[in-house]
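Because the structure is a prediction, the values reported are computed rather than measured.
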Amino acid sequence: DSYLNAAAVIGAARAVQADAIHPGYGFLSENADFAQACAAAGIAFVGPTPAAIRAMGLKHEAKAIVSAAGVPVVPGYMGDDQSPARLAQEAARVGFPLLVKAVAGGGGKGMRIVHAPGELAEAVAGARGEAENAFGDGRLMLERFLERPRHVEVQVFGDTAGACLHLFERECSVQRRYQKIIEESPSPFIDAATRSAMTAAAVRAAQAVGYVNAGTVEFLMEGGRF
């Protein structure tokens with residue numbers, strides 16, 4: 001009834017004649033409907049456009065968009081056919097170990113590691129149930145599981161005139177239960193050539209959705225490849 005109540009937040013902004021709303025992190029900052037409601041009220045939403053939030057809100061759609069822009073993505077299956085037979089077929093194509101992942105997920109919810117074909121059905125059922133409870137969306141995707149990856153992310157910043165730049169990278173590999181504990185910049189594990197290629201790819205990803213304001217493009221690295 002307070003910080004998640006979009007109508008109340010906009011009502012408060014109108015009452016004090018605010019020009020803009022900064023939504024903080026998580027929650028309303030990732031809510032396209034709230035960004036749209038701000039625009040409708042004539043109040044600047046300090047964040048990306050509603051279209052960009054929607055485009056990047058679902059993992060499978062986001063991966064398809066950035067892949068088309070030439071950004072490298074982890075191999076996997078992101079299709080609409082969620083039948084057990086199709087998932088088993090795609091799992092064999094992607095190869096094991098693989099990750100069953102909720103398309104609407106985050107924070108490690110709706111995620112299962114599968115090491116062999118016989119584990120797939122149970123992992124799918126568990127991930128789907130968890131995703132439906134946490135996000136109201138039980139759709140899943142499959143992704144090659146990287147055994148010992150590094151998590152490196154790039155800070156990007158876009159303006160409303162179509163320009164976008166990067167503000168270099170952060171090393172975020174120290175995690176507990178998929179939650180980052182330490183962020184270090186610059187990453188001590190990448191060389192200048194990788195840094196140049198990765199930051200350029202991050203800018204292409206942001207431009208692919210017309211991203212406005214500050215954002216993060218997250219990469220996995222394994223064996224020098226991102």
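Here the CD-CZ distance, from Glu222 to Arg150, works out to 11.5 Å after rounding to the nearest 0.5 Å. Here the CZ atom belonging to Phe219 is positioned 11.5 Å from the OG1 atom belonging to Thr194, to the nearest 0.5 angstrom. Once rounded to the nearest 0.5 Å, the distance linking NZ of Lys59 with CG of Leu140 reads 11.5 Å. Of the inter-residue distances, the one linking Ser29 atom OG with Ile21 atom CD1 reads 13.0 Å to the nearest 0.5 angstrom. Note that NE2 of His60 is 9.5 Å distant from OH of Tyr77, once rounded to the nearest 0.5 Å. With rounding to the nearest 0.5 angstrom, the NE2 atom of His166 is 14.5 Å from the CZ atom of Phe157.
Within a 6.0 Å sphere centred on CD of Glu122, other residues, nucleotides and ligands contribute 12 heavy atoms or fewer. In the displayed structure, Asp80 atom CG is contacted under 6.0 Å by at most 12 heavy atoms of other residues, nucleotides or ligands. No more than 12 heavy atoms of other residues, nucleotides or ligands lie within 6.0 Å of CZ in Phe168, so this atom counts as exposed by the packing criterion.
Annotation: side chain to side chain contact (heavy atoms under 4.5 Å, CB included) contacts of Gln36 (sequence neighbours excluded): Pro50, Arg54. Remark: Lys109 pairs with no residue by the side chain to side chain donor-acceptor pair (under 3.5 Å) rule, at least two apart or across chains. For the side chain to side chain contact (heavy atoms under 4.5 Å, CB included) test, residues two or more places apart in sequence or in another chain that qualify with Ile182 are Val174. Annotation: side chain to side chain contact (heavy atoms under 4.5 Å, CB included) contacts of His22 (sequence neighbours excluded): Val46. Residues satisfying the side chain to side chain contact (heavy atoms under 4.5 Å, CB included) criterion with Leu220, sequence neighbours excluded, are Val74, Leu146, Pro149.
Here the options are His151, Gln155, Glu184, the test is side-chain hydrogen bond (donor to acceptor under 3.5 Å, both in side chains), and the partner is Arg170; only Gln155 passes.
By the 4.5 Å heavy-atom criterion applied to side chains, Val66 and Met56 are counted as neighbours. Between Phe45 and Phe34, some side-chain heavy-atom pair lies under the 4.5 Å cut-off. Contact annotation: the side chain of Phe189 never approaches that of Met221 to less than 4.5 Å [non-hydrogen atoms, C-beta and beyond].
Clustering ILVMFWY residues whenever any of their side-chain heavy atoms sit less than 4.5 angstrom apart, transitively, puts Leu87 in the very cluster that holds Leu98. Cluster annotation: Phe226 is connected to Val71 through the hydrophobic network of ILVMFWY side chains, with a link wherever side-chain heavy atoms come within less than 4.5 Å. Hydrophobic clustering places Leu142 together with Val114 (ILVMFWY residues linked when any side-chain heavy atoms are closer than 4.5 Å, directly or through intermediates). Cluster annotation: Val100 and Met78 are assigned to distinct hydrophobic clusters (Ile/Leu/Val/Met/Phe/Trp/Tyr, side-chain heavy-atom contacts under 4.5 Å, transitive).
Under the 4.0 Å criterion applied to side-chain N and carboxylate O atoms, Glu218 and Lys180 are assigned as salt-bridge partners.
In plain terms, the two heavy atoms of Tyr211 and Ala52 that are nearest each other are CD1-CB, 4.3 Å. Minimum heavy-atom separation, Ala91 to Leu120: CB-CD2, 3.8 Å. When all heavy atoms are compared, the tightest approach of Gln175 to Ile181 is C-CD1, 3.8 Å. Contact record, Cys164 with Val156: SG-CB, 4.3 Å, taken as the closest heavy-atom pair.
Looking at Asp159, its side chain does come within 3.5 Å of a backbone N or O of Gly162 through a donor-acceptor pair. Judged by distance alone, with hydrogens and angles left aside, the side-chain atoms of Glu169 form no donor-acceptor pair with the main-chain N or O of Arg195 at under 3.5 Å.
Sequence neighbours left out, the pairs with a member in residues 82-104 that pass side chain to side chain donor-acceptor pair (under 3.5 Å) are Asp81-Ser83, Gln82-Arg128, Arg86-Glu90, Glu90-Arg93, Lys101-Glu143.
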